[in-house]
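Let me begin by presenting the structure, written as structure tokens, before commenting on it.
Here is the naming used below: chain letters follow the sequence lines, and residue numbers restart at 1 for every chain.
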Number of protein chains: 2
Amino acid sequence: MNAKINNRRLSPEDREQQILEGAIRFFAEKGFSGQTRELALQLGITQPLLYRYFPTKRSLIERVFEEVYINKLDPAWSAALTDRSQSLHKRLCAFYCNYSEATYRNEWIRIYMFSALMEEPLNKHYIGLVEEQILMPICIELRDYCGLPTKDISPISQVELDHIWVMHGGLFYHAIRKHIYRSRVSTNFEEIVSRAVSTMLEGTKAAQL
Amino acid sequence: MNAKINNRRLSPEDREQQILEGAIRFFAEKGFSGQTRELALQLGITQPLLYRYFPTKRSLIERVFEEVYINKLDPAWSAALTDRSQSLHKRLCAFYCNYSEATYRNEWIRIYMFSALMEEPLNKHYIGLVEEQILMPICIELRDYCGLPTKDISPISQVELDHIWVMHGGLFYHAIRKHIYRSRVSTNFEEIVSRAVSTMLEGTKAAQL
DNA sequence: ACCTTAGTTTATCAGATGATAAATAAAAAC
DNA sequence: GTTTTTATTTATCATCTGATAAACTAAGGT
């Protein structure tokens with residue numbers, strides 16, 4: 001990216017990109033009821049120029065969703081979750097460090113929550129992916145870790161899934177506290193992850209769940 | 001409450017209460033950018049009538065905050081948390097069942113999240129109460145449970161607090177999934193609480209955190 | 001240098017939205 | 001039964017807001 005873009009008369013590609021990036025920042029802060037005039041002001045352009053690049057406000061919002069959500073779940077991470085040559089603790093820590101770096105970001109978290117409150121279908125779709133590609137694999141590995149029967153013997157139950165959701169949600173909630181509540185939180189997220197993973201693994205085994 | 005209120009010409013007290021309750025339902029659903037005309041329509045009254053009872057939209061929103069937030073943390077619950085005549089597991093389960101019944105409700109959760117995204121000061125205040133009246137006591141009890149030094153010897157650290165935040169947030173996240181994401185979740189929340197508490201207690205002890 | 005192209009701005013519209021004032025009508029007071 | 005009071009509605013305002021059209025201007029081609 002250019003350090004200082006001359007904001008006057010950009011190429012269509014650059015302008016569109018600039019608007020999109022500005023819109024992500026803007027809507028993450030104000031929510032999607034934020035006004036196009038204020039967005040334009042923040043971008044240093046006039047409001048009608050937005051409409052040369054995006055036919056409606058809604059279409060801009062949908063590009064924001066695309067930009068923010070697309071390709072945030074790397075299939076390699078789920079693959080690594082099931083690689084039993086590594087300890088499960090190590091795999092889970094590595095996963096949550098990667099995952100959090102991609103998604104526990106100010107703009108991602110806030111836009112995610114705004115869109116969920118608006119009942120954007122995107123949210124349900126994303127939750128489906130998380131359960132399928134992350135939580136289910138973890139449940140299966142946890143069964144193995146605790147010496148419990150495989151999913152072929154008895155399928156993963158809703159309660160097992162929700163049990164893992166507590167850890168997953170607890171870590172996600174750290175990002176909510178940071179970026180939505182804007183609370184002071186531990187800067188050392190890796191330590192929080194390591195503790196949460198250890199606790200979940202040892203606790204689940206010890207409590208014989 | 002009357003089962004079916006005659007909506008025509010109510011006493012000022014009844015009308016104000018009706019508007020307030022309707023506003024809670026309405027803003028919980030649409031967020032605070034929801035429009036007064038739509039609220040009035042939903043209440044079966046005309047929009048200017050709102051302004052007889054609340055001078056501005058903002059003042060109505062502030063009444064909604066009051067109504068939703070006030071007196072939701074019963075001091076008796078925190079007191080019960082430190083009653084060592086009961087097992088810590090039992091105390092925590094009892095606490096989270098009480099707490100969730102008061103706060104993990106559709107309107108509470110959604111208004112809470114909308115207000116947090118708007119950076120209402122209320123949110124920061126509430127988080128302070130939670131840390132002080134709920135999480136700190138739990139940290140202290142957990143130290144005792146794990147045979148670790150009391151807070152007089154070494155004060156509760158941010159990492160310890162964040163460790164408990166993972167469980168607390170994980171349970172709260174269950175309500176987010178239910179009321180904000182509107183996902184299908186376990187109906188038996190008590191079981192989820194019991195598992196989360198057991199896992200946290202046994203895991204923290206076993207992992208020697 | 002001139003002309004053409006196209007990125008940007010100025011001016012403006014139509015409908016939405018918070019809020020107010022006057023008119024109406026139901027209940028209370030007498 | 002008439003008058004007074006007041007809860008409610010109708011009508012309306014000013015501003016905001018998404019969107020459009022025309023004017024302007026910087027850059028590239030000739």
Side-chain angles (χ1 to χ4, degrees), chain A residues 1-2 4-65 111 114-115 117-118 120, chain B residues 1-2 4-65 111 114-115 117-118 120:
Chain A
M1 305 291 167
N2 301 332
K4 189 80 177 184
I5 302 169
N6 178 5
N7 208 27
R8 197 162 179 84
R9 214 176 170 85
L10 294 189
S11 76
E13 299 74 38
D14 288 349
R15 182 64 80 194
E16 183 171 334
Q17 191 59 26
Q18 184 219 19
I19 291 176
L20 190 51
E21 283 168 17
I24 290 171
R25 252 177 292 127
F26 178 76
F27 289 129
E29 196 53 40
K30 311 272 176 169
F32 297 104
S33 51
Q35 296 128 28
T36 54
R37 274 174 182 77
E38 201 183 336
L39 166 58
L41 187 70
Q42 195 167 297
L43 283 164
I45 62 176
T46 56
Q47 181 247 7
L49 189 56
L50 295 172
Y51 290 86
R52 185 172 178 94
Y53 295 92
F54 301 92
T56 62
K57 182 184 178 183
R58 176 71 203 174
S59 71
L60 174 56
I61 289 173
E62 263 157 25
R63 277 298 313 278
V64 167
F65 286 148
I111 284 178
F114 276 121
S115 71
L117 285 162
M118 284 166 61
E120 289 294 329
Chain B
M1 306 291 165
N2 302 332
K4 189 81 177 183
I5 302 169
N6 178 5
N7 207 29
R8 196 160 179 83
R9 213 177 170 85
L10 294 188
S11 76
E13 299 74 36
D14 287 351
R15 182 64 80 193
E16 182 171 334
Q17 190 60 26
Q18 184 219 18
I19 291 176
L20 190 52
E21 283 169 17
I24 291 171
R25 251 177 292 125
F26 178 75
F27 289 128
E29 194 54 39
K30 311 271 177 171
F32 296 105
S33 51
Q35 296 129 28
T36 54
R37 274 174 181 78
E38 201 182 337
L39 166 59
L41 187 71
Q42 195 168 296
L43 283 164
I45 62 175
T46 57
Q47 180 248 6
L49 189 56
L50 296 172
Y51 288 86
R52 185 172 178 92
Y53 295 93
F54 301 93
T56 61
K57 182 184 178 183
R58 176 70 203 175
S59 71
L60 173 57
I61 290 174
E62 264 156 25
R63 278 299 313 278
V64 166
F65 285 148
I111 284 178
F114 275 121
S115 72
L117 284 163
M118 284 166 60
E120 290 294 330

- Note on the structure: Nearest heavy-atom approach of Ile24(B) to Ile111(B) is O-CD1, 3.7 Å
Would you tabulate the nitrogen or oxygen pairs shorter than 3.5 Å linking the protein to nucleotides 4-8 of chain D?
residue: dT6(D); atom: O2; partner: Arg9(B); partner atom: NH2; Å: 3.0
residue: dA7(D); atom: OP2; partner: Arg52(B); partner atom: NE; Å: 3.3
residue: dA7(D); atom: OP2; partner: Arg52(B); partner atom: NH2; Å: 2.5
residue: dA7(D); atom: O3'; partner: Leu10(B); partner atom: O; Å: 3.3
residue: dA7(D); atom: N3; partner: Arg9(B); partner atom: NH1; Å: 3.4
residue: dT8(D); atom: OP1; partner: Arg9(B); partner atom: N; Å: 3.1
residue: dT8(D); atom: OP1; partner: Leu10(B); partner atom: N; Å: 2.5
residue: dT8(D); atom: OP1; partner: Arg15(B); partner atom: NE; Å: 3.1
residue: dT8(D); atom: OP1; partner: Arg15(B); partner atom: NH2; Å: 2.5
residue: dT8(D); atom: OP2; partner: Arg15(B); partner atom: NE; Å: 3.2
residue: dT8(D); atom: OP2; partner: Tyr53(B); partner atom: OH; Å: 2.8

Starting at [atom1] of [X] and ending at [atom2] of [N], how long is that distance when rounded to a whole Å?
X        : N       : atom1 : atom2 : value
Gln47(A) : dC13(C) : CD    : P     : 15 Å
Lys57(B) : dC16(D) : NZ    : P     : 15 Å
Ile61(A) : dA19(D) : CD1   : C1'   : 14 Å
Asp14(A) : dA6(C)  : CG    : P     : 17 Å
Arg58(A) : dT17(D) : CZ    : P     : 19 Å

- Task: Go through the steps for Glu21(B) and Gln17(B) under the test side-chain hydrogen bond (donor to acceptor under 3.5 Å, both in side chains), then give the verdict.
- Result: CA-CA 6 Å; Glu21(B) 283 169 17; Gln17(B) 190 60 26; 3.0 Å; yes
Checking [X] now: which residues fulfil side chain to side chain contact (heavy atoms under 4.5 Å, CB included) with it, not counting sequence neighbours?
X        : value
Leu49(B) : Arg15(B), Ile45(B), Thr46(B), Arg52(B), Tyr53(B)
Thr56(A) : Arg58(A), Ser59(A)
Phe26(A) : Lys30(A), Glu38(A), Leu39(A), Gln42(A)
Arg37(B) : Gln47(B)

- Can Phe54(B) and Glu16(B) be said to form a side chain to side chain contact (heavy atoms under 4.5 Å, CB included), step by step? CA-CA 8 Å; Phe54(B) 301 93; Glu16(B) 182 171 334; 3.8 Å; yes
- Nucleic acid contacts - residues 25-38 of chain B versus DNA chain C, non-hydrogen atoms under 4.0 Å: Gly34(B), Gln35(B), Thr36(B), Arg37(B)
- Query: Any sub-3.5 Å donor-acceptor pair from Lys57(B)'s side-chain atoms to Phe32(B)'s backbone N or O?
  - Reply: yes
